[in-house]
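Structure, as structure tokens:
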Protein chains: 4
Amino acid sequence: MKSDKREIIRQSAIKIFYAEGFHQATTDRIAAEAGVSVGTIYNYFRSKEDVLGYIFQVELEKRVRYLEGLQKQDLSIADKFGGFLAMHFAQVKEDPALASILIRERNLPHKRSVAVIEDFQARILEHFEGMFEEALKKQEIRPCNPKLAALLVFGAMEAVISRALGKGAGGLDRGFLEDAAREIPMLLFRAFGLPDLGPDPDQPDGRDRQAQPGEEAQPVHQARPEMDILLD
Amino acid sequence: MKSDKREIIRQSAIKIFYAEGFHQATTDRIAAEAGVSVGTIYNYFRSKEDVLGYIFQVELEKRVRYLEGLQKQDLSIADKFGGFLAMHFAQVKEDPALASILIRERNLPHKRSVAVIEDFQARILEHFEGMFEEALKKQEIRPCNPKLAALLVFGAMEAVISRALGKGAGGLDRGFLEDAAREIPMLLFRAFGLPDLGPDPDQPDGRDRQAQPGEEAQPVHQARPEMDILLD
Amino acid sequence: MKSDKREIIRQSAIKIFYAEGFHQATTDRIAAEAGVSVGTIYNYFRSKEDVLGYIFQVELEKRVRYLEGLQKQDLSIADKFGGFLAMHFAQVKEDPALASILIRERNLPHKRSVAVIEDFQARILEHFEGMFEEALKKQEIRPCNPKLAALLVFGAMEAVISRALGKGAGGLDRGFLEDAAREIPMLLFRAFGLPDLGPDPDQPDGRDRQAQPGEEAQPVHQARPEMDILLD
Amino acid sequence: MKSDKREIIRQSAIKIFYAEGFHQATTDRIAAEAGVSVGTIYNYFRSKEDVLGYIFQVELEKRVRYLEGLQKQDLSIADKFGGFLAMHFAQVKEDPALASILIRERNLPHKRSVAVIEDFQARILEHFEGMFEEALKKQEIRPCNPKLAALLVFGAMEAVISRALGKGAGGLDRGFLEDAAREIPMLLFRAFGLPDLGPDPDQPDGRDRQAQPGEEAQPVHQARPEMDILLD
DNA sequence: TATGAATGAGACTTCATTCAT
DNA sequence: TATGAATGAAGTCTCATTCAT
């Protein structure tokens, strides 16, 4: 089966790119890791860069599929971000090497042929932006520049992942990732949430204002089993 | 003068690294750009990587010097971040190519010899963290994890710069950078500021609480002439 | 076939190292001589030094195999040295370029990786020493320091080869080599041989002592067909 | 004084050539060792090779002067060789680094400009040959090929020095050198000496022949104060 | 005479990619 | 489809030598 080999090569490339960086990684090492010969790589990919592009593409598609799934559901922006965050972080935990590559190699100047890499960030940002725009329309959040907001959230998120992955070291700081997953939605809520709706999680007694009757604290992150199918 | 050549080479390397990326950049091109011969580069630097390291070092020192200057002054955390943001963004405007390198090459797996590159983010984060810790002690801000907070701010900031620089293209989106400089402090204030002290800049009339007499709205970012001298 | 190319490269390297000396020789020239591309050299050898090491190794193995073959046979020390000398000189005649390299590059300070080069002389000396020790035990020769004796013989032998090869010039002085092959054993006999057993080849009439009946003048160097198979 | 600097550079070059080998040695290192700048080296020598040539020249002259001194004296060949051996070995002990260079770099293919290096061995051999020829004429020794004899002696001598110096290691095996100095003349005597004149040092009681009246055992090596002035 | 920064040709080695089997 | 030996362009770095000061 063709996709079999392609997949094996992709997996092996992830290991090698992670361990050595894209430029230092050699096709020989990838082939050895995959248990095939160099020639075989070129039967499934046009070039080494193409392998990297494919790695990005697969991940991009996962995220986009997930984001499109979120879009169709009638969720608050908090739940949407919470959902994406959970999914994104889960992927990082599942394959830290992959996550590392996604961050390290993203900004590098690659040939035109690997447009996917440039798309990765752009496509996710578009979705984030759409989420902010919709929330603005629905007056879920305070007025803000949705482009900028999307970018800030994305940047913060990636910095957290980058840090959790450490500097090329072996381990993944899972505790840090979990702390972040808990705190980020709260901060987002404070930063963007409408003042008269947003409860202050730190002051549940509501010292300076009374909770309105019928008002419910909105858990920013909750299990959403119907979304899990979106993950491969 | 020795530092003369070293500086010329540094400047030329910035241009070439920016245009071609560190790995694609050749020592021949750098030498040509600097108007010296290849050998001369190696009279001032141990290796190509050493040149990159020096580029990071110079910028790191600028930032650290500025941050240490801020530390000594009795400023609110808002003013501190505002100040650093202004300074950092000003540097980006002054030399977008340099800013681009700082972001693109930061995460690459370089040899141990270029520890400066690994230090760059770490040192700035330490300062950010220190600022958050101090603000917490002074009860300027809500309780939060200072490590995480520092990281989020840093990540958001870098994402903005990355976006403003565009994807390797020539231009710098100055408008975007300025918008960001205006909005980020506000968001930080909302996300971290203490509720009973932080005025809501969107609602200057103070619908939900009365401004205290003598209380002045603190513009998060204002000209601080005494700091300007810190920028070389 | 792998060993095919390796052998071609070895042969070509011998030519080039001989003509230009190891340091002046370039991998490009070796590749050209071998009719392959530079890269191919590095498919069969780790480095230029490795090629030199391999050249020494092949020759060392030839000599050692021959010396071990001699060891197993019940020969007088004279026959042993005579045999080795004949074999060694034959190799020199067959490939003077190779012989030249073996002498010229032997003393150079090479990297640790080319330990074979250091082994070359050491291993042959060990065998020589062993031959002297055995002869001493069998009282074939006068008392002497076997280490020193081995060294003197080796040095004398190499000086002869060095001279016969000329100073880097093209030719090999075959006559000189043959003269030496004839005279050296005689001198060895005189220098080390037991006085009451050693016939004086210059005075076959035995002026100062009578040849014992049944005693045969031992030609130090005679055809030993059974040894020829030891030469590849 | 011009020769002052030239001498300092020569001494420094000896140290560096010894430690790193001629090719690996850099002019920078030599200059640093000499406490001058690279440029200065080129004020006293035409090239790096020229420095090496000068090193050989100085030593060659020492040896030749000594050999010429010997020639003028009415000494037996044994005394002559004994004298040269003593002097040569004394030089080795005095400056092992220098001796090492003389052996290591002698066979290398150097540019034509450094003919001295090629002369070194040739000139000494000529003298040896002359000594043998004269001894033959005076019937001091058995008939032999003086060219070959000279070569064998030279080769044996150099092998001993090479071994005593070790393989580039720090130390000099002085004991070995002294043993050799004692044994070599004896072996030479046996190999070349006339049978009816040569006493057998192993059998001082003269088992197989009577010492002639008035015949004195000739010590092969004795103090010759009149020669010491020849050593700088 | 001394300096030492500048030079630049040229060396070794790597490695993505090809293609005959 | 799989192989892997062969390719060769290209890159980094070295270092003997020069020459203006």
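The structure displayed is predicted, hence computed values, not measured ones. Just so it is clear: chains get the letters A, B, ... in the order the sequence lines come, proteins before strands, and each one is counted from 1.
The CG-P distance, from A/L52 to E/dA16, rounds to 13 Å in whole Å. A straight line from NE2 of C/H23 to C1' of E/dG10 spans 15 Å, rounded to a whole angstrom. As a whole-Å value, the separation of A/R29 CZ from E/dT17 C1' is 19 Å. Across the protein-nucleic acid pair, C/Y42 atom OH and E/dT13 atom P stand 3 Å apart, rounded to whole Å. Atom C1' of nucleotide E/dG10 and atom CG of C/D28 are separated by 10 Å, given to the nearest angstrom. Residue B/I30 contributes atom CD1, which lies 15 Å from atom P of E/dT7 at whole-angstrom precision. Atom NZ in B/K48 sits about 14 Å away from atom C1' in E/dT14, given to the nearest Å. Spacing between atom CD of B/E49 and atom P of F/dG11 amounts to 16 Å, rounded to whole angstrom units.
Residue C/Y54 is tested with C/Y44, C/F45, C/F17 for a ring pair (Phe, Tyr, Trp, His ring centres under 6.0 Å); the sole match is C/F45.
Heavy-atom nearest nucleotides on DNA chain E were determined for A/T26 and for C/F22, and the one closer to the 5' end corresponds to C/F22.
For C/E105 and C/H23, the side-chain atoms include no donor-acceptor pair closer than 3.5 Å.
In this structure, the side chains of D/I30 and D/V51 stay at 4.5 Å or more apart for every pair of heavy atoms. Between D/I9 and D/S12, every side-chain heavy-atom pair lies at or beyond the 4.5 Å cut-off. The side-chain heavy atoms of B/L165 and B/S162, taken from C-beta on, include no pair separated by under 4.5 Å.
How far CZ of D/R104 is from OH of D/Y18: 7.0 Å, rounded to the nearest 0.5 Å. With rounding to the nearest 0.5 angstrom, the CZ atom of B/R106 is 7.0 Å from the CZ atom of B/F56. Within the model, atoms CD of C/Q11 and CD of C/E7 stand 4.5 Å from one another, a figure rounded to the nearest 0.5 Å.
Looking at the side chain of D/Y44, the nearest of the listed nucleotides E/dA2, E/dT13, F/dT14 is E/dA2.
Between F/dT12 and B/T27, a contact under 4.0 Å exists linking OP1 or OP2 to a side-chain N or O.
Note on A/R63 versus A/E59: salt bridge recorded, some NZ/NE/NH1/NH2 to OD/OE distance being below 4.0 Å.
Residue contacts shown for A/A32 are absent, as no nucleic acid heavy atom lies under 4.0 Å away.
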Hey, what are the protein-to-nucleotides 7-9 of chain F N/O distances that come in under 3.5 Å?
from	atom 1	to	atom 2	distance (Å)
F/dT7	OP2	C/S37	N	3.0
F/dT7	OP2	C/S37	OG	3.3
F/dT7	OP2	C/T40	OG1	2.6
F/dT7	O5'	C/S37	OG	3.4
F/dG8	N7	C/G39	N	3.3

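When base pairs are accepted only as Watson-Crick or G-U wobble with both N-N or N-O distances under 3.5 Å, DNA chain F takes part in stems of 3 or more pairs at E:2-21 with F:2-21.
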